[in-house]
Amino acid sequence: MQDLNDLYYFVQVVEHGGFAAAARATGTQKSRLSRRIAMLEDRLGVRLIQRSPRRFFVTDVGREYYQRCVAVLIEAEAADAFIAQHQGEPQGTIRVSCPTALISFQFGRLFARFMTAHPKISLQLESTNRRVDVIAEGFDVSIRVRFPPLERSELVMRKLDDSPQYLVAKPGFLKEPIGEPAELAGLPSLAWTSATHTYEWRLESAEGEQAVVRHEPRFLTDDMAALREAALDGAGIVQLPTMMIWKDLAAGALVPVLPQWRPASGIVHAVFPSRRGLLPSVRTFIDFLAQECAADRLTVDESLAWPARPPHITTESIPRPGMPPRRRKDALKTER
């Protein structure tokens with residue numbers, strides 16, 4: 001492997017006309033310079049400099065080699081300058097992958113805000129629901145949503161947001177009120193396509209009780225927006241993230257099916273190859289997303305501070321905080 005220091009020493013000796021002058025200019029011992037040039041000549045198998053106690057001159061091949069060494073050192077300095085520039089004001093192009101639904105319902109506008117705030121940064125976005133190979137495919141960042149426990153990975157993860165979920169349906173979809181997860185069995189359902197072909201809702205109550213309800217979806221798709229549209233049209237019950245449906249809940253276009261029980265929350269996160277050597281543009285991008293996601297979450301949480309409820313459940317029927325668990329089942333009433 002070529003040592004650029006040898007080229008640097010050779011150029012300094014030639015430009016200063018001798019070892020003594022080059023040693024003074026570089027702060028390097030004369031004997032060290034002489035030894036490094038001799039090692040360079042031995043490796044190349046040519047004489048670059050003719051030297052004696054009284055004479056010093058560069059050979060013909062040495063002059064040609066000098067010109068090429070100068071060009072190499074200039075390129076090396078340019079490479080260092082390029083890195084220094086990128087460590088200053090964030091700039092450059094960031095390659096990002098992100099699930100389609102996240103782009104449509106939240107991250108699309110965040111990406112736009114980011115480019116407005118950082119005009120020297122460009123984004124190359126791939127909208128995909130597949131799990132990309134960040135390193136092999138050359139992505140700087142991949143945005144993902146996963147449910148715990150998260151598997152171990154060689155990638156670095158930065159959490160951006162929680163993804164609370166609701167079981168929802170169109171108002172009036174349920175002809176009779178339900179109070180227990182078991183009563184969901186057999187109701188028409190919609191679901192995100194599963195590789196395992198097993199479909200179940202994992203629910204938890206406010207008291208920490210857990211329930212698993214298996215169901216047979218009548219509509220399967222990898223398009224979350226299509227699931228939302230199907231639910232809005234009354235096709236069935238579906239589990240969706242609040243970030244996608246919070247406006248529908250606030251407007252009463254969708255209602256929680258079983259308000260006392262909630263599916264587990266997902267984790268929205270960014271993955272990237274390494275913290276070490278992370279370009280300022282990428283670091284700025286990830287920090288921006290984390291900050292904006294926190295602001296969006298506050299807006300959604302404030303909107304859903306008192307969850308929307310099915311129209312067949314009265315105000316008095318919503319279980320109040322502190323109500324003993326044994327009374328919660330009795331708290332559900334059908335409006336007459």
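Between the side chain of Glu41 and the backbone N or O of Ile49, at least one donor-acceptor pair lies under 3.5 Å. Between the side chain of Asp162 and the main chain of Pro164, no donor-acceptor pair closer than 3.5 Å is present.
The structure places CZ of Phe105 at 11.0 Å from OG1 of Thr100, a figure rounded to the nearest 0.5 Å. Residue Met243 holds its CE atom at 8.0 Å from OG1 of Thr299, rounded to the nearest 0.5 Å. For the atom pair CD1 of Ile103 and CZ of Arg109, the computed distance is 12.5 Å after rounding to the nearest 0.5 Å. Interatomic distance, CD of Glu229 versus CZ of Phe219, reported as 10.0 Å (0.5 Å rounding). The CD1 atom of Ile245 sits 9.5 Å away from atom CD of Gln239, with the distance rounded to the nearest 0.5 Å. For the atom pair OG1 of Thr116 and CZ of Arg113, the computed distance is 10.0 Å after rounding to the nearest 0.5 Å.
With a 4.5 Å cut-off on side-chain heavy atoms, Tyr65 and Thr59 do not count as touching. In this structure the side chain of Ile94 reaches within 4.5 angstrom of the side chain of Ile121, judged on heavy atoms. Between Pro99 and Phe107, every side-chain heavy-atom pair lies at or beyond the 4.5 Å cut-off.
Judged by the 6.0 Å and 45° rule, Arg51 forms no cation-pi pair with Phe56.
Under 3.5 Å, the side chains of Ser97 and Ser142 contain a donor-acceptor pair of N or O atoms. For the 3.5 Å distance criterion, the side chains of Ser163 and Arg146 fail to qualify, holding no donor opposite an acceptor. In summary, the side chains of Thr198 and Glu200 do not present any donor paired with an acceptor at a separation below 3.5 Å, with no hydrogens or angles considered.
Within 6.0 Å of atom CZ in Arg202, 12 or fewer heavy atoms from other residues, nucleotides or ligands are found, so the atom counts as exposed in its surroundings.
Hydrophobic clustering keeps Trp201 apart from Leu220 (ILVMFWY residues linked when any side-chain heavy atoms are closer than 4.5 Å, directly or through intermediates).
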